[in-house]
Amino acid sequence: MASLAGTTISIASRPWHSLQAAKELSSLKSISFSSIKKSFPAIRLQPASSRLQICCAAKSDTLEKVLKIVRKQLAVPEGTAVIAESKFSELGADSLDTVEIVMGLEEAFGISVEEESAQKIITVQDAADLIQELVEAKSC
Amino acid sequence: MENGVRRWLVNVSQWNPSEAQFASVISLFPVDEQTAITRYIKFEDKKRALVSRLLQYSLVHEVLGIPFDKIIIHRTAEGKPYLKNSIDFPFSNFNFNVSHHGDYVGIASEPLCLVGLDIVSITTPKQETELEFINNFSPYLTVLEWKNIAHAGSSEEMLAEFYRYWCLKEAFVKAIGAGLGYGLGRLEFHHTNWTGISAYIDGVESKKWRFSLSKLDEKHWVSIARGLPNKADELCCSNLSLPELGFTFRTLEELISNVN
């Protein structure tokens with residue numbers, strides 16, 4: 001997640017464990033929640049031309065996946081079109097929704113989005129483009 | 001004497017306009033506002049957007065006396081509405097902030113201090129547990145805030161505690177006109193049972209900001225952040241220590257009649 005280096009209070013990763021630990025310390029009922037983190041297969045190096053083909057095919061897959069996540073998070077009614085140009089705000093997303101969507105995208109694509117970048121996502125296409133950028137940066 | 005301070009709320013769940021009624025209210029606004037309102041997909045969002053504009057224009061009209069059709073409200077890059085018309089002293093720092101969530105739309109204005117407003121509607125998450133939901137926001141909360149949330153009690157109480165922190169953080173970033181990129185994890189709220197609220201920014205207590213948090217009903221809370229703009233003068237500083245004004249509930253009919 002976004003780096004907080006340089007601040008005195010820093011949370012390097014989601015404190016699943018610290019929340020659990022805090023609860024145990026206060027001897028509340030123990031909670032168990034399954035980890036949402038998914039594991040991703042290792043990416044093997046491909047020759048340049050087939051890598052390009054894979055990248056292009058991946059773009060429309062990425063958009064499809066993003067549309068699905070957004071539809072679900074914002075409870076968009078069936079029959080309402082959500083397209084690449086749809087703005088998150090017009091779909092009814094508030095700041096809480098935006099954070100959740102970004103988290104959902106991070107988990108689905110195995111990437112980490114900086115808070116500043118998250119703020120710049122206005123349309124679904126912006127989200128897909130950002131993901132594409134981050135996924136490609138990971139595999140290259 | 002007009003002091004420029006307002007705190008208004010509308011309960012939109014009590015307004016169920018017909019298509020014709022909605023069309024008649026929306027026609028009060030300039031075309032670009034009408035377009036912005038109708039672009040929302042869900043009707044509830046259109047309704048909240050319309051009421052938000054109605055509050056903005058009514059407030060500016062009432063406080064500053066500008067005729068409805070002469071009011072120009074633009075938005076910053078982050079989407080914060082502000083008055084474009086030039087205003088004379090003593091209201092040259094006049095600013096306002098709107099918020100909507102759940103059943104309420106609200107507006108707050110100040111003549112000198114920066115003001116931010118946020119309303120939260122505590123909503124039980126549908127696709128995950130309360131804990132899973134709150135964990136999404138871990139980068140935006142400090143260790144102390146996490147501890148307080150974890151010790152709040154049941155899942156419902158933890159959720160409510162999270163929403164209260166979020167409400168305050170949002171009021172602050174909205175007052176300064178920043179977005180999520182600000183780094184909400186830098187901000188830590190201290191309080192005694194949600195009164196006497198103070199903010200620590202990067203570990204240092206801020207003397208320039210005052211906060212208040214109040215309960216509207218079982219599901220809704222509202223927060224106000226008031227602070228000194230960068231070039232604060234004495235008048236502004238003394239203004240900051242004034243007690244927080246309570247909210248007034250307005251109805252659509254009242255606001256619309258202000259227009260005519």
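Within every chain, numbering begins at 1; the chains are lettered A, B, ... in the order of the sequence lines, protein sequences first and strands thereafter.
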- Query: Taking the six-membered ring for Trp, are B:Trp166 and B:Tyr140 parallel (under 30°), tilted (30 to 60°) or perpendicular (over 60°)?
  - Reply: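 The rings of B:Trp166 and B:Tyr140 stand perpendicular, inter-plane angle above 60°.
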
- Parallel, tilted or perpendicular, as decided by the 30° and 60° cut-offs, for the rings of B:Tyr163 and B:His101: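 It falls in the tilted class, 30° to 60°.
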
- Query: Are the aromatic rings of B:Phe189 and B:Tyr200 close, with centres under 6.0 Å apart?
  - Reply: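 That pair fails the under 6.0 Å test.
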
Chain A contact via [X] - side chain, backbone, both or neither, heavy atoms under 4.5 Å:
X	value
B:Leu184	backbone
B:Phe162	side chain
B:His100	neither
B:Glu44	neither

- Message: Is it the case that over 12 heavy atoms from other parts of the model lie below 6.0 angstrom from the CZ atom of B:Arg75?
- Response: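 Yes - once you tally the heavy atoms of other residues, nucleotides and ligands closer than 6.0 Å, there are more than 12.
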
- Message: Quick check on B:Lys42: does its NZ atom have over 12 non-hydrogen neighbours (other residues, nucleotides or ligands) under 6.0 Å away?
- Response: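 Check passes, neighbour count above 12.
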
Below 4.5 Å from any heavy atom of chain B, which atoms of [X] appear? Answer side chain, backbone, both or neither.
X	value
A:Thr80	side chain
A:Gln119	side chain
A:Ile122	neither
A:Lys120	neither

- Item | B:Val115 versus B:Lys80, closest heavy-atom pair with distance |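 Heavy atoms only, the tightest pair is O-NZ, 4.2 Å.
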
